Amino acid sequence: MSMNREHLEGVRIRGQQVSRLESFSDCVFGFALTLLVVSLEVPRDFDGLVRTMFGFFGFAICFAMLYQVWTGHYTYFRKYGLADASVRVANGFLLFVIVGFVYPLKFLFSSVFSPWLVKMVVHSNLIADPTPMSNEQIRSLFIIYGTGFVCVELIFAFLYFHASRRAVALEFTPAELFWTRMSMIDRLATAVVPFTSIVLAIMLPPGLVGLCGFAYFLIGIAKSAVGIVAGRRRRKLGFVDPQSLS
């Protein structure tokens with residue numbers, strides 16, 4: 001979405017100043033990133049360098065996901081500038097989830113990419129094959145990851161719902177209320193995907209439990225469906241496309 005001095009994703013910018021709540025949140029986001037790299041010591045030999053590089057792709061994905069959450073956090077506070085009790089509590093839960101799920105997140109993506117990288121090097125006897133996880137361990141890992149994902153999306157959905165409840169106080173236009181509600185629906189639709197993965201992880205037999213990871217490809221479909229519904233509703237109501245507010 002484009003942004004100018006007055007609008008962000010179809011909503012007027014109300015959070016002009018960085019609040020203490022945002023400053024504290026930024027510190028926690030920074031701490032979460034530190035936890036991602038704290039175990040990466042400077043390698044002392046080539047074997048150590050190889051082991052470090054095995055975790056690079058997993059770290060890159062984790063960094064991208066945390067950055068995406070931070071961007072959603074930044075966007076919300078710029079649009080609405082809210083810092084009441086409900087927002088502070090929801091923000092606290094969000095930060096708790098982020099810090100609590102950093103290691104499972106890193107472990108998941110390191111487990112996905114490290115074996116692939118090892119196959120490229122192991123024939124040179126630089127490092128031993130990684131210890132494979134059992135099907136039950138994979139099942140538990142997907143449940144843990146999915147739970148964190150669902151929590152993040154539901155917290156953002158609540159934040160947008162809370163903003164819609166403050167429509168009068170924030171002096172929303174009908175279009176702003178529409179885009180706020182669509183943001184909430186988008187978060188709820190996204191939350192369905194990791195929830196589906198959790199259900200599959202619980203129900204699939206051990207030999208097929210790895211398939212629950214493919215459920216996350218549905219995120220694009222879910223967001224596209226919300227976008228189509230929002231576009232049709234917007235044209236019916238005659239609201240301006242937020243991408244044109246530049």
Side-chain angles (χ1 to χ4, degrees), residues 1-3 7-11 13 15 18 21-38 55-80 82 87 90-113 141-142 144-163 179-180 182-198 213-227 230 242-243:
M1 297 294 182
S2 58
M3 182 185 75
H7 292 84
L8 179 63
E9 296 183 354
V11 178
I13 295 177
V18 177
L21 182 62
E22 291 178 84
S23 297
F24 173 74
S25 300
D26 287 343
C27 291
V28 176
F29 276 105
F31 177 69
L33 289 175
T34 301
L35 291 178
L36 284 178
V37 299
V38 70
F56 175 78
F57 289 101
F59 166 75
I61 294 177
C62 293
F63 179 89
M65 294 186 71
L66 282 178
Y67 184 77
Q68 184 179 28
V69 175
W70 178 87
T71 300
H73 186 274
Y74 169 84
T75 300
Y76 179 85
F77 281 93
R78 289 285 72 74
K79 288 195 290 188
Y80 306 111
L82 294 172
V87 172
N91 188 74
F93 277 115
L94 177 65
L95 299 179
F96 173 80
V97 171
I98 290 171
V99 174
F101 282 86
V102 163
Y103 280 143
L105 185 67
K106 181 179 179 181
F107 181 82
L108 173 63
F109 288 105
S110 295
S111 300
V112 170
F113 286 101
L141 184 59
F142 274 114
I144 293 171
Y145 172 74
T147 300
F149 202 146
V150 169
C151 289
V152 168
E153 295 301 321
L154 290 182
I155 291 170
F156 272 114
F158 169 79
L159 287 171
Y160 279 105
F161 171 72
H162 178 69
W179 290 117
T180 298
M182 291 309 305
S183 294
M184 178 190 69
I185 293 172
D186 178 71
R187 292 290 182 171
L188 290 174
T190 303
V192 172
V193 176
F195 179 77
T196 301
S197 179
I198 293 173
F214 289 97
Y216 289 95
F217 287 105
L218 297 174
I219 290 178
I221 297 176
K223 287 186 170 294
S224 296
V226 173
Q243 296 192 45

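Please read these numbers as outputs of a predicted model, since none were measured by experiment. Scope of the values below: all heavy atoms of this structure, side chains included, with no hydrogens, waters or symmetry mates.
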Measuring from atom [atom1] of [X] to atom [atom2] of [Y], what distance do you get when rounded to the nearest 0.5 angstrom?
X	Y	atom1	atom2	result
Phe93	Leu159	CZ	CG	12.0 Å
Thr196	Leu218	OG1	CG	7.0 Å
Glu153	Leu94	CD	CG	10.0 Å
Phe24	Asp26	CZ	CG	11.0 Å
Thr147	Phe195	OG1	CZ	10.0 Å

Name the one of Phe156, Phe161, Phe158 that satisfies side chain to side chain contact (heavy atoms under 4.5 Å, CB included) with Arg187? Phe156

With side chains defined as the heavy atoms from C-beta onward, is the minimum distance between [X] and [Y] less than 4.5 Å?
X	Y	result
Tyr160	Ile185	no
Val150	Val193	no
Leu33	Phe29	no

Does Phe101 form a side-chain contact (heavy atoms from CB on, under 4.5 Å) with Val152? I'd like the steps, not just the answer. CA-CA 10 Å; Phe101 282 86; Val152 168; over 6 Å; no

Where is the tightest heavy-atom contact between [X] and [Y], given as atom of each residue plus distance?
X	Y	answer
Leu36	Leu66	CD1-CD1, 3.5 Å
Ala191	Leu154	CB-CD2, 4.1 Å
Ile198	Gly146	CD1-C, 3.4 Å
Arg78	Ile13	O-CG2, 3.3 Å
Ala222	Ala189	CB-O, 3.9 Å
Met65	Leu105	SD-CD1, 3.8 Å

Going through the distances and angles, do Val28 and Ile98 end up as a side-chain contact (heavy atoms from CB on, under 4.5 Å)? CA-CA 9 Å; Val28 176; Ile98 290 171; 5.6 Å; no

Verdict with reasoning, Leu82 to Tyr76, per side-chain contact (heavy atoms from CB on, under 4.5 Å): CA-CA 9 Å; Leu82 294 172; Tyr76 179 85; 3.6 Å; yes

Please walk me through it: do Thr180 and Tyr80 pass side chain to side chain donor-acceptor pair (under 3.5 Å)? CA-CA 10 Å; Thr180 298; Tyr80 306 111; 2.7 Å; yes

[X] vs [Y] aromatic rings, parallel, tilted or perpendicular, using cut-offs 30° and 60°?
X	Y	value
Phe149	Tyr216	parallel
Phe77	His73	tilted
Phe59	Phe63	tilted

Side chain of Thr34, backbone of Gly30: donor and acceptor closer than 3.5 Å?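 At least one qualifying donor-acceptor pair exists.
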
